[in-house]
Protein chains: 2
Amino acid sequence: MQISQINAFLAVAELQSFSLAAERLHITQPAVSKRIRQLEDDMKTTLFDRIGKKSILTPSGQSLLPHAERILLELKTYREELAHDHDKPSGTLSLATSHHVGLHRLPQVLRDFKIEYPGVDLDLHFMDSEDACIAIANNELELAIVTLPENPDDRLKLEPIWIDVLQIVLAPDHALAGEASIDNEQLLDYPAILPSNGTFTRKIINNYFATTKDAMKIILETNYLETIKVMVSANLGWSMLPISMLDHTLIGKPLSGLDIRRSLGIVTRQKRTLSVNSRAMIDMLLAAKT
Amino acid sequence: MQISQINAFLAVAELQSFSLAAERLHITQPAVSKRIRQLEDDMKTTLFDRIGKKSILTPSGQSLLPHAERILLELKTYREELAHDHDKPSGTLSLATSHHVGLHRLPQVLRDFKIEYPGVDLDLHFMDSEDACIAIANNELELAIVTLPENPDDRLKLEPIWIDVLQIVLAPDHALAGEASIDNEQLLDYPAILPSNGTFTRKIINNYFATTKDAMKIILETNYLETIKVMVSANLGWSMLPISMLDHTLIGKPLSGLDIRRSLGIVTRQKRTLSVNSRAMIDMLLAAKT
DNA sequence: GAGACTTACGTCGCACGTAAACATT
DNA sequence: AATGTTTACGTGCGACGTAAGTCTC
C-alpha cells in the first residue's frame, strides 16, 4: 500500500471526480483509477460509487476518510518536527557522571545548563568512570562526563574538558611533610591509600610507579576520592589526588618534579547520532573550556 | 512512500537489527536496507545509527516512532471497522419524506425503527416528493420515502411500499353527495380543489381527467393534502384524495367505477451504495410490506 | 454525442533476491 | 573470523501513459 494511493483517495473524495483528481495530482486519469482500484482491492471493499458525472464515497469510503486524513497529518507533523524542532532542546537529558566529576566539576555546568535550557529535565546516573565508558560503548547511554581513560576503547569518542594535575598528598603531620620534593623510593616506607585497582586514575598512578609498584604498602583502596582525602587527612597514609582537592587538611608535594595528570571530559559513542539535548550540553562544555 | 517502509522501520526500531527485521518481514536483509534507505531519503534525515552489532534509532528516528505507530494503527482500525461494524446501524440516518407520508405512513415505521435501533438518530427532511426525487438523483441524499413518480428518471430506483387508492371526496352537504357514482362531466359544474400542478399526484389525476381537464373550475391548488381535506370539508369544492384520509367530515365516491391509485414508497439512486442505516430502514419497510 | 471511467497494452522504473564488498567487533 | 550492512547487478512485477472501449447523462 502506498501513500500516493491515500492522496489519490482524498483528492477523488474531495473533488468527487477521478479526472479532476488526476489534474490535481498531475497524473493521467487512468492512473487515478488504478490507485483507487488498488486501495479497494487492498481493503476488499468499494470506496466510490462511480455514478456517471460524479463519483461519490460509499459508506466504506466515508469511514476511510478520517483515517486517511490522520495518516497524512502524521506524516506532515513529522516532517514539520524535523524541520522546526531540530535545534530546540527539550524533554530529558540523561548523562552518566562519576562521583568526583559530579562533585567538583559538574555543579557549575549543570546550573548554567538549567538557566540556558530551563525546559530540560536532567537525569544523572552516578557510576564509576569505567562503567560509564562500558555503558556508552554498549549504547546504553549516549553521554558521559567522567575521568577519561588513557587507552580508550576504539568505539568511544573522548573530548577532554578539564585537566586534573595530581600530586602526592600528605597530612600536615606526616613524616615527609617537610620535604620540598619526594621520589618513589621515599614513599615505599610509608603506607599508601590509592584509588581502586581498575580505575583510570589508578592506572595513571601505576604508570608512574611502574618500577616500585610491587613494593608499595597499600593499606586501603577505594573508588571514591573524597574518602581517600579524609583518610589522608587523618594521617593513615599518603596518596595521590588532584590538586583541586587540596585544602588546609592536606599538603601537596610534586613527585620528583614530574607532571602527573589525568583528563576529565566527555565520552560519547563513535558513529552515534546524538540527541539535541546531548549536543547542547557538549557545546556548552566546549564553550566553557576556552 | 509505502506502508511496507513503515513496517520495516518499526521492525528495525524494535529489533535494533536490519537482519532480524528481515526475518520477521520474510524478506532479505538488503531489501530491509533499501526500504529504510528510501524512508531516510524521503524524509531527508537519518533514522538509524548503524553501529556494527546493533542499529539504533537516531533522535529523528525516535520522533518518527510514534507517528509510524499511529499510521499503522489508523489502517488497522479502519480494517476492523470494515470487518466488524459493517452491519450495525449507528450514527445518523438522513431521509427525505413528504408531508403526507410523514404524517400518515411514517410515524409507525419510525417508532419501530427507533425501537429496533435506538442508537440511530433520525434526520428527517420534509420536502415535496418531486424535490426529494431531484435531490436523490443529484446524490444530495441517499434515501427518500415519498409519493412515487409515474414516469421516473432513469437514475432513480423505486420501491413501492404502500398503495393509496384515490377517490372523489365531497363534503357531506355537497350537491353530489347523494350520487352512488360520479363521472367526469358531472364534476365540471362544481369547483375543484386539487394538488398543485407539478406534483406526482396531480399528474395521476390529470391522466384520468385527460379529456375534460381544461374545462375544470379549479379554485385552489396546494401541495399539502391536509389543507385540501379541510377545504373540501368546508364544502369549498370537490377534490381527489387517498381513501386513507376519509373520515366523518368527508364522503368518498368512486369515479365511474375506475380504480385510481398512487404508490408511496422508497426512492434511492441507481448504482449508489447505501449506508448501513439506509439499508436497515429499507429492509424494515420491505418486511412490514408483506 | 459529450463527458467520465475502465480496460488493454507497451514501456520504464523500481523492489526484490543473489552475491560480493565493506565495516564492526 | 564472525556478524551485520551496504553495494552491485540481473530479473520481474507493477505503475504509468496512450489509446480504445464502455457507460452515464
Side-chain angles (χ1 to χ4, degrees), chain A residues 1-9 11-13 15-42 46-58 61 133-134 136-139 152-157 269-272, chain B residues 1-9 11-13 15-42 46-58 61 133-134 136-139 152-157 269-272:
Chain A
M1 209 191 109
Q2 305 182 165
I3 298 300
S4 57
Q5 294 170 359
I6 304 278
N7 274 310
F9 169 77
V12 175
L15 300 170
Q16 302 196 322
S17 158
F18 283 55
S19 33
L20 291 181
E23 267 183 48
R24 171 180 294 184
L25 299 172
H26 306 297
I27 58 177
T28 60
Q29 182 269 356
V32 175
S33 282
K34 205 164 186 189
R35 287 187 186 181
I36 300 297
R37 163 60 51 93
Q38 279 173 329
L39 252 187
E40 289 179 329
D41 290 350
D42 204 340
T46 305
L47 295 171
F48 293 98
D49 285 329
R50 285 80 159 168
I51 312 181
K53 201 175 178 66
K54 284 183 179 180
S55 289
I56 294 189
L57 283 169
T58 61
C133 288
I134 292 169
I136 297 289
N138 290 342
N139 288 302
D153 191 317
D154 284 343
R155 295 172 293 178
L156 299 180
K157 201 166 101 184
R269 167 82 205 220
Q270 290 281 16
K271 303 220 151 201
R272 173 131 184 213
Chain B
M1 208 191 111
Q2 306 182 165
I3 298 300
S4 58
Q5 294 169 1
I6 303 279
N7 274 311
F9 168 78
V12 175
L15 301 170
Q16 302 196 322
S17 158
F18 283 57
S19 33
L20 291 181
E23 266 183 49
R24 170 179 296 186
L25 299 171
H26 306 297
I27 57 176
T28 61
Q29 182 269 357
V32 175
S33 283
K34 205 164 187 190
R35 287 186 186 181
I36 300 297
R37 163 60 50 94
Q38 278 173 330
L39 251 188
E40 289 179 329
D41 290 349
D42 204 340
T46 305
L47 296 171
F48 293 97
D49 286 327
R50 285 79 158 169
I51 312 181
K53 201 174 177 67
K54 284 184 178 178
S55 290
I56 294 187
L57 282 169
T58 62
C133 287
I134 292 170
I136 297 288
N138 291 341
N139 287 302
D153 190 317
D154 284 343
R155 293 171 295 177
L156 299 180
K157 201 165 102 187
R269 168 80 204 222
Q270 290 280 15
K271 302 222 151 202
R272 175 132 184 211

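Side chains included, hydrogens not; waters and symmetry mates left out as well; all remaining heavy atoms used. The structure presented is a predicted model; accordingly, all values stated were derived computationally and were not measured. Chain letters run A, B, ... following the sequence lines, proteins first, then strands; residues in each count from 1.
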**Student:** Give a yes or no on whether the backbone of B/Ile51 and the side-chain of B/Asp49 come within a donor-acceptor separation of less than 3.5 Å.
**Tutor:** no
**Student:** Rounded to the Å, how far apart are A/Ile56 CD1 and C/dC5 C1'?
**Tutor:** 15 Å
**Student:** Within the structure, does a side-chain N or O atom of B/Lys271 lie under 4.0 Å from either OP1 or OP2 of D/dT24?
**Tutor:** yes
**Student:** In whole angstrom, give the distance that lies between atom NZ of A/Lys34 and atom C1' of C/dC12.
**Tutor:** 13 Å
**Student:** Roughly, in whole Å, what's the span from CD in B/Glu40 to C1' in D/dT6?
**Tutor:** 12 Å
**Student:** D/dG4, OP1 or OP2 - any side-chain N/O from B/Gln29 closer than 4.0 Å?
**Tutor:** no
**Student:** If the cut-off is 4.0 Å, is B/Ser55 near the phosphate of D/dT5, judged by side-chain N/O to OP1 or OP2?
**Tutor:** yes
**Student:** How is B/Ser17 classified with respect to the nucleic acid when contacts are heavy atoms under 4.0 Å: base, sugar-phosphate, or nothing?
**Tutor:** sugar-phosphate
**Student:** Rounding to a whole Å, what distance do you find between B/Leu47:CG and D/dT6:P?
**Tutor:** 12 Å
**Student:** Output yes when a side-chain donor or acceptor of B/Glu40 lies under 3.5 Å from a complementary backbone atom of B/Leu47, and no otherwise.
**Tutor:** yes
**Student:** Any side-chain N or O of A/Ser33 below 4.0 angstrom from OP1/OP2 of C/dT6?
**Tutor:** yes
**Student:** Looking only at atom types and distance, does a side-chain atom of A/Ser55 sit under 3.5 Å from a main-chain N or O of A/Gln16, one as donor and one as acceptor?
**Tutor:** no
**Student:** Can you tell me which nucleotide in C/dC5, C/dG17, D/dT6 comes closest to the side chain of B/Ile27?
**Tutor:** C/dG17
**Student:** Measure the distance from CD on B/Gln38 to P on D/dT7 and round it to the nearest whole Å.
**Tutor:** 13 Å
**Student:** Can you tell me how far the CG atom of A/Asn7 sits from the CD atom of A/Gln2, to the nearest 0.5 Å?
**Tutor:** 11.0 Å
**Student:** Whole angstrom is fine here: how far is it from CD1 in A/Ile36 over to P in C/dT7?
**Tutor:** 14 Å
**Student:** So if I take every side-chain heavy atom of B/Ile51 and compare against C/dT25, D/dT5, C/dT6, which nucleotide ends up nearest?
**Tutor:** C/dT25
**Student:** Let me spell it out: for each of B/Arg35 and A/Arg269, pick the nucleotide of DNA chain C with the closest heavy atom. Which residue's pick is nearer the 5' end?
**Tutor:** B/Arg35
**Student:** Could you tell me how far apart B/Glu23 (CD) and D/dT3 (P) are, to the nearest whole angstrom?
**Tutor:** 13 Å
**Student:** When you measure from the side chain of A/Pro30, which nucleotide among D/dT5, C/dT6, C/dT25 comes out closest?
**Tutor:** C/dT6
**Student:** Counting only side-chain N and O atoms of A/Arg37, is one of them less than 4.0 Å from OP1 or OP2 of C/dC5?
**Tutor:** no
**Student:** Heavy-atom nearest nucleotide on DNA chain D for B/Gln16 versus B/Ala137: which residue maps closer to 5'?
**Tutor:** B/Gln16
**Student:** Kindly say whether A/Leu156 contributes a backbone atom to a donor-acceptor pair with the side chain of A/Arg269 at under 3.5 angstrom?
**Tutor:** no
**Student:** Nearest whole Å is fine: how far is C/dA15 P from B/Asp42 CG?
**Tutor:** 11 Å
**Student:** Distance check: side-chain N/O of A/Ser19 vs OP1/OP2 of C/dG3, anything under 4.0 Å?
**Tutor:** no
**Student:** Counting only heavy atoms not in A/Asp41, do more than 12 fall under 6.0 Å of its CG?
**Tutor:** yes
**Student:** In terms of side-chain heavy atoms of B/Arg50, which of D/dT6, C/dC5, D/dA19 is nearest?
**Tutor:** D/dT6
**Student:** Specify the residue among B/Leu20 and B/Arg155 whose closest nucleotide of DNA chain D lies further upstream toward the 5′ end.
**Tutor:** B/Leu20
**Student:** If you assign B/Gln5 and A/Asp154 each to the DNA chain C nucleotide with the nearest heavy atom, which residue ends up on the more 5' nucleotide?
**Tutor:** B/Gln5
